[in-house]
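Quick one: structure below, then a few questions.
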Amino acid sequence: MLAAARVGAAPLWSQSFDDQLPGQTPRAWRVAWGNAGDDLLLVSNLRALSGPNSLLLDRMSGEQSPMAGYSTNFPQVAERWLAFSVAFLVQGHADNVRCGLELRGANPGERVLAIGIDGRAVHLATPDGKVQLA
């Protein structure tokens with residue numbers, strides 16, 4: 001499940017994939033940039049923190065595949081503070097994982113927050129600098 005909420009309030013937006021059939025394209029998701037090649041972004045019946053279905057990005061061709069960014073929108077938030085939650089399940093060797101998530105503003109290219117995962121290292125990038133977390 002993906003969720004966004006004002007701090008201390010009920011969720012403004014959440015997305016679960018339990019109301020879709022495995023193999024379907026996740027509702028409201030699209031390729032935002034790049035070339036997805038033969039990557040598959042679909043609803044899966046692999047277990048999820050929130051229920052029986054999950055979002056699955058399956059890289060079919062390995063590391064040499066073209067790159068793409070996938071996106072979904074969530075409502076505008078007027079407050080300065082927002083809690084955003086995403087749960088990951090990595091199957092296989094964690095040292096081989098390379099992915100990232102970005103929260104972007106309404107203006108094209110406006111990065112609010114980026115989280116990069118490279119093996120066991122996690123990088124957090126904000127508009128005003130970069131901090132590496134262990």
Side-chain angles (χ1 to χ4, degrees):
M1 173 188 282
L2 306 171
R6 293 181 305 255
V7 175
L12 293 169
W13 174 88
S14 68
Q15 188 174 31
S16 168
F17 305 98
D18 297 339
D19 63 341
Q20 290 190 258
L21 295 173
Q24 289 184 323
T25 300
R27 200 171 291 115
W29 283 82
R30 63 182 175 78
V31 174
W33 58 267
N35 178 351
D38 61 358
D39 289 356
L40 299 175
L41 184 71
L42 47 86
V43 173
S44 171
N45 64 353
L46 293 173
R47 66 186 165 139
L49 184 63
S50 63
N53 288 349
S54 60
L55 176 69
L56 174 68
L57 174 59
D58 196 351
R59 170 132 293 175
M60 304 299 288
S61 298
E63 288 187 25
Q64 301 306 314
S65 175
M67 291 182 60
Y70 299 90
S71 72
T72 190
N73 294 329
F74 56 93
Q76 291 231 357
V77 178
E79 283 87 15
R80 290 183 53 101
W81 291 95
L82 177 72
F84 188 76
S85 173
V86 178
F88 287 96
L89 171 64
V90 177
Q91 292 182 315
H93 298 285
D95 294 334
N96 294 331
V97 174
R98 286 174 186 79
C99 65
L101 287 173
E102 289 188 357
L103 293 177
R104 291 188 172 225
N107 299 320
E110 178 187 7
R111 179 187 288 170
V112 177
L113 175 70
I115 301 167
I117 300 170
D118 187 358
R120 295 182 187 268
V122 177
H123 303 273
L124 175 68
T126 60
D128 59 351
K130 188 171 186 175
V131 178
Q132 179 171 338
L133 305 175

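Excluded from the calculations below are hydrogen atoms, water molecules and symmetry mates; all remaining heavy atoms, backbone and side chain alike, are included. Note that the structure is predicted; figures quoted are calculated from it, not measured.
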Can a donor-acceptor pair be found, under 3.5 Å and without considering hydrogens, that links the side chain of Gln20 to the backbone of Thr25?
yes
For residues Leu124 and Leu113, determine if any side-chain heavy atom of one lies less than 4.5 Å from a side-chain heavy atom of the other.
yes
One pair to check against side chain to side chain contact (heavy atoms under 4.5 Å, CB included): Val122 and Ile115. What are the steps and the verdict?
CA-CA 7 Å; Val122 177; Ile115 301 167; 4.1 Å; yes
Pairwise side-chain contact, Pro22 with Ser44, heavy-atom cut-off 4.5 Å (strictly under):
no
Could you tell me if the side chain of Pro26 sits less than 4.5 Å from the side chain of Leu41, heavy atoms only?
yes
Among all residues two or more places apart in sequence or in another chain, which pass the side chain to side chain donor-acceptor pair (under 3.5 Å) test with Asn45?
none
Is there side-chain contact between Val43 and Leu55, with heavy atoms separated by less than 4.5 Å?
no
Is Asn53 reaching over with its side chain to a backbone N or O of Leu46, donor-acceptor style, under 3.5 angstrom?
no
With rounding to the nearest 0.5 angstrom, report the CH2 to CG distance, Trp29 to Leu42.
12.5 Å
Please check if the side chain of Gln24 supplies one atom and the backbone of Leu21 the other of a donor-acceptor pair under 3.5 Å.
yes
From CZ (Arg111) to CZ (Arg104), nearest 0.5 Å
6.0 Å
Hits for side-chain contact (heavy atoms from CB on, under 4.5 Å) against Arg30, two or more places apart or cross-chain, chain-then-number order -> Ala32, Ser71
Does the side chain of Tyr70 reach to within under 4.5 Å of the side chain of Trp33, using non-hydrogen atoms?
no
By side chain to side chain donor-acceptor pair (under 3.5 Å) - contacts of Asp19 (at least two apart):
Arg27
